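Step one of this worksheet: look at the structure below.
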Amino acid sequence: MAIIITDECINCGACEPECPNTAIYEGAVDWTYSEGTALEGEVTFPNGRAVDANEEQEPISDEYYFIVADKCTECKGFHEEPQCAAVCPVDCCVPDEDQVETEEELLAKQEFLH
């Protein structure tokens, strides 16, 4: 499953540079699927979601850091544990129960992104 940042976030920014997929963004910041990945132009994710990787997307949160679920692999293929959760001083990086994925799915997403 993807990781989410709860509203307990203190906006310290410790998580953002730790993400190997560039899936974490500061609140109110536009983002793209291509940033930090090998994605370019029209792409279809393994889950069937089709997007323009270069098109700017609206922030998921205007108040605190957020994680783009389609780019989050829980650090599979890079690290043993999610690095955002490992460095978060208030433990607000937690599994997203609405985005359940198997290890195989997360590894396939990691390969797709890079």
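Quantities reported herein were computed from a predicted structural model and do not represent experimental measurements.
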* Carefully, step by step, assess Ile10 and Val90 under the rule side-chain contact (heavy atoms from CB on, under 4.5 Å). => CA-CA 8 Å; Ile10 60 172; Val90 293; 4.0 Å; yes
Interatomic distance, SG@Cys19 vs CD1@Ile3, rounded to 0.5 Å, equals 10.0 Å
Point to revise | Thr22 side chain reached by Lys71 side chain, heavy atoms, under 4.5 Å | key: yes
Would you check if Ile24 and Phe66 make a side-chain contact, meaning some heavy-atom pair closer than 4.5 Å?
no
query: Has the side chain of Gln99 got a donor or acceptor atom that lies under 3.5 Å from a matching backbone atom of Glu97?
result: no
Rounding to 0.5 Å, atoms SG (Cys88) and CD (Glu8) come to a distance of 9.0 Å
Notebook entry, point to check: Is any side-chain heavy atom of Glu105 less than 4.5 Å from a side-chain heavy atom of Lys109?
Noted result: no
Of all heavy-atom pairs linking Tyr25 and Glu16, the shortest is CA-OE2, 4.2 Å
CG (Leu113) and CG (Leu39) are apart, to the nearest 0.5 Å, by 5.5 Å
*Would you sort out whether Asp70 and Tyr33 count as a side-chain hydrogen bond (donor to acceptor under 3.5 Å, both in side chains), showing the intermediate values?*
CA-CA 8 Å; Asp70 283 339; Tyr33 286 97; 3.3 Å; yes
Output for pair (Leu107 CG, Phe78 CZ), nearest 0.5 Å, gives 10.0 Å
Original post:
Less than 4.5 Å apart, any side-chain heavy atom of Pro20 and any of Cys75?
Top reply: yes
In terms of heavy-atom contacts, Glu18 and Val87 come closest through CG-CG2, 3.8 Å
Donor-acceptor under 3.5 Å (Trp31 side chain, Glu58 main chain):
yes
> With distance as the sole test, does Thr44 use its side chain to make a donor-acceptor pair with the main-chain N or O of Arg49 at under 3.5 Å?
Replying inline: no
* Heavy-atom side-chain contact between Asp7 and Glu63 under 4.5 Å -> no
#### Entry: CA sep, side-chain torsions, deciding dist, call: Ile67, Cys84, side-chain contact (heavy atoms from CB on, under 4.5 Å)
CA-CA 10 Å; Ile67 298 175; Cys84 56; 4.2 Å; yes
Nearest heavy-atom contact between Ala108 and Pro46 is O-CG, 4.5 Å
CD (Glu81) and NE2 (His79) are apart, to the nearest 0.5 Å, by 9.5 Å
Fit a plane to each ring of Phe112 and Phe45, take the angle between them on a 0 to 90° scale, and name the class: parallel (under 30°), tilted (30 to 60°) or perpendicular (over 60°).
tilted
### Message
According to a hydrophobic-cluster definition based on side-chain heavy atoms being under 4.5 Å apart (Ile, Leu, Val, Met, Phe, Trp, Tyr only), do Val68 and Val43 belong together?
### Response
yes
Requested in this report: List the steps, then state whether side-chain hydrogen bond (donor to acceptor under 3.5 Å, both in side chains) holds for Thr73 with Asn21.
Outcome: CA-CA 8 Å; Thr73 64; Asn21 298 310; 2.8 Å; yes
Min side-chain heavy-atom separation Val29-Pro59 under 4.5 Å
no
Output for pair (Cys72 SG, Leu106 CG), nearest 0.5 Å, gives 7.5 Å
Q) Do Tyr65 and Ile5 have side chains that get closer than 4.5 Å, going by heavy atoms? A) yes
Heavy-atom nearest pair, Lys76 first then Gln110, reads O-CG, 3.3 Å
